[in-house]
Participant: 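I'd like to ask you about the structure that follows.
Convention: sequence-line order gives letters A, B, ...; per-chain numbering from 1.
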2 protein chains.
Amino acid sequence: MTDVNFSRGAANPDSQGAEGVPAPRSGELRWDIIELLFFAYRDFVGDADHELEAFGFGRAHHRVMHFVYRYPGLKVADLLDVLRITKQSLGRVLKQLLDEGYIVQKTGNNDRRQRLLYATPKGEALVAKLAGLQTDRITRALRDINPEGVAAISQFLRAMIDRDDPDKVLEAIFGTGSKKPRE
Amino acid sequence: MTDVNFSRGAANPDSQGAEGVPAPRSGELRWDIIELLFFAYRDFVGDADHELEAFGFGRAHHRVMHFVYRYPGLKVADLLDVLRITKQSLGRVLKQLLDEGYIVQKTGNNDRRQRLLYATPKGEALVAKLAGLQTDRITRALRDINPEGVAAISQFLRAMIDRDDPDKVLEAIFGTGSKKPRE
DNA sequence: AAGATATGTCAACATGACTGACGTAAATTT
DNA sequence: AAATTTACGTCAGTCATGTTGACATATCTT
């Protein structure tokens with residue numbers, strides 16, 4: 001049906017690049033790292049995804065739980081910065097987590113408009129379980145790598161992150177802010 | 001309104017873990033790598049996301065284009081394995097890319113039921129542009145890392161990937177298959 | 001000829017994003 | 001004190017991308 005009427009080669013139509021197209025810079029492109037990142041991240045989040053199904057939650061719930069647990073007293077606005085989603089989108093997920101008792105809100109002391117977020121023990125248990133699964137994978141992957149190698153991995157991942165306009169969590173990770181994560 | 005009636009502490013309610021909950025294994029959890037992966041991947045795909053908007057495409061289109069370009073002659077079934085989505089979901093995206101001339105199909109030589117997928121020059125240009133953006137970020141991140149460090153990063157990412165039931169693309173990446181990527 | 005396989009498609013639905021508009025309480029500015 | 005801004009919540013509608021289930025068609029295998 002929709003058979004090819006494009007092929008310039010025979011069995012294996014090889015394209016030779018169109019005019020006006022920017023040079024592919026073939027030799028320089030890091031296809032290797034690009035694809036490794038895709039597959040590594042896919043399987044990394046897959047660990048948690050599978051477990052979350054049992055709770056009727058999705059990735060969105062995990063992300064919220066994770067950062068609320070790690071940075072207790074996070075404001076709603078901070079969370080929006082970190083997750084880079086709209087408040088309407090966060091609202092739905094957050095409401096479920098509040099209703100089901102995974103997170104609690106506490107009115108801010110200085111500014112009573114703020115709703116500071118904290119994980120309940122129930123929430124902590126879930127986050128720890130998911131982090132455990134992901135840690136298992138990471139530990140396995142780091143097993144045969146020496147300390148210099150681990151340092152290089154950490155440095156690489158940090159350097160992959162945008163440093164302009166960092167949110168509170170990133171400030172904590174890069175040690176430029178006042179907020180400190182748990183543990 | 002929904003003020004806290006849970007807090008056991010004062011200003012900063014610190015939870016001490018519920019009974020019956022598995023031990024948090026706090027000291028061992030790799031919160032650092034977990035969060036670095038989250039932010040690194042977020043910004044990594046963000047590069048492409050931004051550019052894709054100008055084409056009216058999303059991440060799904062990028063993933064399809066990428067693997068079709070890199071592994072020319074990929075079958076539809078292979079693509080489903082790699083992306084781990086259903087054929088209905090792939091169908092919508094693939095149809096758009098075919099209609100708009102980013103990809104072409106060619107009937108298989110041995111098996112005429114198969115539709116082998118190839119990127120057109122238009123498709124190649126898009127993939128190269130996106131890979132260029134991501135390569136820029138990777139190159140920047142690798143700049144101050146020595147060859148041993150780069151090897152450790154590559155080893156780490158490979159070890160993060162599930163090796164049971166590898167698809168054709170993973171076989172190529174791990175050098176256990178016959179198919180070879182471009183470039 | 002019968003059955004299995006590769007692909008495509010229709011229909012319905014879920015999740016998690018989005019925009020835009022509006023409301024309320026509390027803080028800040030004038 | 002009044003006006004404005006801020007932090008948050010919510011209603012309503014839309015879009016992108018995933019899902020399941022059913023079914024059709026062409027082609028290969030037995």
Participant: Whole Å only: how far is the NE2 atom of B/H62 from the C1' atom of D/dT17?
Facilitator: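 Atom NE2 in B/H62 sits about 16 Å away from atom C1' in D/dT17.
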Participant: Parallel, tilted or perpendicular for A/F55 and A/Y102, by the 30°/60° rule?
Facilitator: perpendicular
Participant: Calculate the interatomic distance between A/N110 atom CG and D/dA7 atom P; express it in whole Å.
Facilitator: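 It is 13 Å, rounded to the nearest whole Å.
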Participant: What is the separation between atom CG on B/D81 and atom C1' on C/dT5, rounded to the nearest whole Å?
Facilitator: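 Rounded to the whole Å, the gap is 14 Å.
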Participant: Regarding A/D49, tell me which of base, sugar-phosphate or nothing describes its non-hydrogen contacts under 4.0 Å with the strands shown.
Facilitator: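 No contact.
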Participant: Can you tell me the distance, in whole Å, between the CD atom of A/E53 and the P atom of D/dT19?
Facilitator: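 So the CD-P distance, A/E53 to D/dT19, works out to 11 Å.
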Participant: Please report the distance, rounded to the nearest Å, between NZ in A/K87 and P in C/dG23.
Facilitator: 13 Å
Participant: Does the distance from a Lys or Arg side-chain N to an Asp or Glu carboxylate O, for B/E100 and B/K122, drop under 4.0 Å?
Facilitator: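 Result for this pair is no, no salt bridge flagged.
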Participant: Does the ring center of B/F38 lie less than 6.0 Å from the ring center of A/F67?
Facilitator: yes
Participant: Could you state the NZ-P distance from B/K75 to C/dT5, rounded to the nearest angstrom?
Facilitator: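 To the nearest whole Å, that distance equals 12 Å.
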Participant: Assess whether a salt bridge exists between A/D43 and B/R84, defined as any Lys/Arg side-chain N lying under 4.0 Å from an Asp/Glu carboxylate O.
Facilitator: yes
Participant: Given that A/Q114 and A/Q88 both sit by DNA chain D, which one's nearest nucleotide is further toward the 5' end?
Facilitator: A/Q114
Participant: Does A/K95 make a side-chain donor-acceptor contact with the base of D/dG9, cut-off 3.5 Å?
Facilitator: no
Participant: Between the base of D/dT6 and the side chain of A/R113, is one N or O donor paired with an acceptor at under 3.5 angstrom?
Facilitator: yes
Participant: Return the value, rounded to whole Å, for the distance between atom CZ of B/R115 and atom P of C/dA6.
Facilitator: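 In whole Å, C/dA6 P lies 13 Å from B/R115 CZ.
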Participant: Of all heavy-atom pairs between B/Y118 and B/V68, which one has the smallest distance, and what is that distance?
Facilitator: C-CG1, 3.6 Å
Participant: In whole angstroms, how far is the P atom of D/dC28 from the CG atom of B/N109?
Facilitator: 11 Å
Participant: Between A/D99 and A/K95, is there a salt bridge with N-O shorter than 4.0 Å?
Facilitator: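 Salt bridge between A/K95 and A/D99, a charged N being under 4.0 Å from a carboxylate O: yes.
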Participant: Should A/D49 and A/R59 count as an ion pair when the cut-off is N to O under 4.0 Å?
Facilitator: yes
Participant: For nucleotides 15-17 of chain C, list the nitrogen or oxygen atoms of the protein found under 3.5 Å from its nitrogen or oxygen atoms, one pair per line.
Facilitator:
residue : atom : partner : partner atom : Å
C/dA17  : OP1  : A/R63   : NH2          : 2.2
C/dA17  : N7   : A/R92   : NH2          : 2.9

